[in-house]
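As structure tokens, the structure follows; a few thoughts come after it.
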Amino acid sequence: MNLPEDFITKYRDLLGSEADDFLASFDTPSLSGYRVNPAHHDLPAKLTAAEPVPYEPLGHFGTVGGRTLMHQSGAVYSQEPSAMFVGATAAPQPGEKVLDLCAAPGGKTTHLASYLQGTGLLVTNEINRKRVKVLAENVERFGVQSALILNESPDRLSPVFPDYFDKVLVDAPCSGEGMFRKDPDAMSYWSLDYVQDCATRQREIMTEALKMVKPGGQLIYSTCTFAPEEDEQMMAWVLDNFPEFHLVPIKKVGGVVDARPEWANGNPELKKAARLFPHLMKGEGHFVAKLERDTGDVPAVHGQAKLGTQLTGDQRKLWQAFATEVLGQDSFDNLITVKDQLFAVPAGLPNLKKCHVFRPGLHLGTFKKNRFEPAYALALASDPQNVAQTLAITTDQWRAWVHGETFTLATAPQKGWYLLTCDSQPVGFGKVVGATVKNFFPKGLRFTVYDEDLQD
């Protein structure tokens, strides 16, 4: 790999005798990984028996194709192995309020959701309008039920959520040095000046993010760069300027090592942060630190979110009829409508009037004239074991389904909506009319499954 000369010179100076092994690692193959979704059952043995990632029980080394059933159903999420260390370090407890501030494309958000187990609150934010759409698609595919998706800048969020979250994750936009091996294009915009620009932006983000951590709460800071300016020096700056925060030791396994205090101001506390070097462990480059705010009084949340309108009597009847007949239960609270769309919204939110809400909660479906049409998101958030009306389909029928085709059943059940499953995984809602299953797979997500995809 033709690394930038300034990069080589910089890390030869910083790493000394370790530099040869470090630089040689860029000529070795990058590794792929995936996490299994703990909300899914009966996963194939080849997925759960693959080599585990040492610091994440849900993680495995290997590849899962994007045109496979396990990917489409949200049973797995492809994620670079070292990136899993970030979510594993955050490890929110069920019921906590969590913010993923720089969330797209969604790998770390879905990881946090696995720890929350459908409880608490997950606010996931992305400032870029195009990238927030990708974030929403991945949150939907993973079946996350308790997420509020925002499209805002940190300085507009901090006044809305002061002293609010148990955990804040800042996976900061960075110079991307740790991804050179995986994404060589990242070298095209790298320079020593770019590293400084990233550090300046990170300080701006952190200034706002720290305001949203409640007393006793934690902020997990991560980058995918080796640059001390964005890593150890960033933590030294936080400790100097925000004395109510201190670093918490991070458990280091699988080749993860202490951060380097000598690359900042020499404060030995910086060793509590973690470095992931590709010449020492199986994965790309990352830096992770865990900051904790001193305990104190937690202020009350003032105001209340108004994200839509209440259901009309007719709408409530349509929803309850569907929930009772098809789902077998109505387990969703805080229902609102946005125009003709029905959402289940997380409870206890502050006033969000000044925020751009991209998605207020779990999309349940659409009210049409005298009928209710369930959403794809609801299907992927449903556990087939708890749904009253399910219909198992074959792999060939699933291929037709994701391609947007209807298909015919040899033996048809009574007409109505069914949660379609393939190999025990939820894939969408279909409507049985006669012997035909009408296709409601979203048009923008349809794809062709080739024979070689089925071998993945």
Side-chain angles (χ1 to χ4, degrees), residues 34-41 43 56 58-59 70-79 83-84 86-88 90-126 131-151 165-169 171 305 307 327 331-336 338 341-349 357-365 374-384 386-387 419 425-429 442 445:
Y34 61 86
R35 288 179 290 100
V36 298
N37 189 334
H40 283 238
H41 311 284
L43 300 183
E56 174 46 60
L58 299 172
M70 293 300 145
H71 184 272
Q72 179 266 314
S73 66
V76 297
Y77 192 102
S78 295
Q79 188 176 33
M84 298 181 197
V86 182
Q93 297 298 306
E96 288 189 331
K97 296 176 181 177
V98 181
L99 169 65
D100 188 357
L101 185 60
C102 314
K108 295 175 178 68
T109 281
T110 56
H111 198 178
L112 297 172
S114 292
Y115 280 90
L116 289 172
Q117 301 174 23
T119 67
L121 169 67
L122 178 56
V123 177
T124 180
N125 178 72
E126 172 56 43
R131 284 168 57 83
V132 78
K133 294 179 180 179
V134 177
L135 170 64
E137 288 178 0
N138 284 322
V139 167
E140 176 181 83
R141 184 172 59 80
F142 206 71
V144 181
Q145 293 193 18
S146 57
L148 168 70
I149 303 177
L150 302 179
N151 177 212
F165 292 101
D166 298 286
K167 298 276 174 64
V168 172
L169 173 59
D171 185 38
L307 300 173
L327 302 182
S331 59
F332 296 102
D333 299 319
N334 302 314
L335 301 181
I336 65 162
V338 179
Q341 306 300 310
L342 177 64
F343 292 90
V345 177
L349 291 170
V357 177
F358 189 82
R359 187 162 297 174
L362 177 63
H363 187 202
L364 301 181
Y376 180 58
L378 174 59
L380 299 187
S382 297
D383 182 348
N386 297 326
V387 172
L419 176 64
Q425 307 309 314
V427 299
F429 281 110
L445 299 179

For this session: Begin from the C-alpha positions of Leu58 and Met84 and carry the test side-chain contact (heavy atoms from CB on, under 4.5 Å) through to its verdict.
Result: CA-CA 9 Å; Leu58 299 172; Met84 298 181 197; over 6 Å; no
Exercise. Any side-chain heavy atom of Val338 within less than 4.5 Å of one from Leu307?
Worked result: no
Problem set entry | Contact check, side chains of Thr124 and Leu112, non-hydrogen atoms, under 4.5 Å | no
Seminar exercise, completed: Shortest non-hydrogen pair, Val427 vs Tyr376, comes out as O-CE1, 3.5 Å
For this session: If a pair satisfies salt bridge (charged side-chain N to carboxylate O under 4.0 Å, His left out) and one of its residues is in residues 138-149, list it, with sequence neighbours excluded.
Result: Glu140-Arg359
Exercise. Salt bridge between Asp100 and Lys108, side-chain N to carboxylate O under 4.0 Å?
Worked result: no
For this session: Indicate the atoms forming the closest heavy-atom contact of Gly428 with Ala379, along with that distance.
Result: CA-CB, 3.5 Å
For this session: State whether the side chain of Tyr77 and the backbone N or O of Asn37 hold a donor-acceptor pair below 3.5 Å, judged by distance alone.
Result: no
Exercise. Once you round to the nearest 0.5 Å, how far does SG of Cys102 lie from CG of Leu135?
Worked result: 11.5 Å
Exercise. So which heavy atom on Leu116 is nearest to which on Gly95, and how close?
Worked result: CD2-N, 4.4 Å
Exercise. Got Glu137 and Pro105 here, is their nearest side-chain heavy-atom distance under 4.5 Å?
Worked result: no
Exercise. Taking Glu126 for the side chain and Ala104 for the main chain, is one N or O donor matched with an acceptor at less than 3.5 Å?
Worked result: yes
Problem set entry | Polar side-chain atom of Gln79 near backbone of Arg35 as donor-acceptor pair, under 3.5 Å | no
Exercise. What distance separates Leu99 CG from Asp166 CG, expressed to the nearest 0.5 Å?
Worked result: 11.5 Å
Problem set entry | Spatial distance of atom OG1 (Thr110) from atom CG (Leu122) [nearest 0.5 Å] | 9.5 Å
For this session: Kindly indicate whether the side chain of Val98, heavy atoms from C-beta on, has any atom under 4.5 Å from the side chain of Leu169.
Result: no
Problem set entry | side-chain contact (heavy atoms from CB on, under 4.5 Å) evaluation trace for Val357 with Leu150 | CA-CA 5 Å; Val357 177; Leu150 302 179; 3.8 Å; yes
Problem set entry | Candidate pair Thr109 and Ile149, rule side-chain contact (heavy atoms from CB on, under 4.5 Å), full reasoning | CA-CA 10 Å; Thr109 281; Ile149 303 177; over 6 Å; no
Exercise. Is any side-chain heavy atom of Phe429 less than 4.5 Å from a side-chain heavy atom of Leu419?
Worked result: yes
Problem set entry | From Ile336 atom CD1 to Leu364 atom CG, the distance as rounded to the nearest 0.5 Å | 10.0 Å
For this session: Measure across Pro384 and Pro426 and return the closest heavy-atom pair with its distance rounded to 0.1 Å.
Result: CG-CD, 4.0 Å
Seminar exercise, completed: Correct closest heavy-atom pair for Val144 and Ala113 would be CG2-CB, 3.7 Å
Problem set entry | His40 vs Val76 side-chain heavy atoms within contact, under 4.5 Å | no
Exercise. When rounded to the nearest 0.5 angstrom, what is the spacing between CD in Gln145 and OG in Ser382?
Worked result: 7.5 Å
Seminar exercise, completed: Closest non-hydrogen atoms of Ala381 and Gly143, given as atom of the first, atom of the second and distance, are CB-O, 3.7 Å
Exercise. Does any non-hydrogen side-chain atom of Val86 lie less than 4.5 Å from one of His111?
Worked result: no
Exercise. How would you list, by chain and number, every residue that makes a ring-ring contact (aromatic ring centres under 6.0 Å, His included) with Phe332, sequence neighbours excluded?
Worked result: none
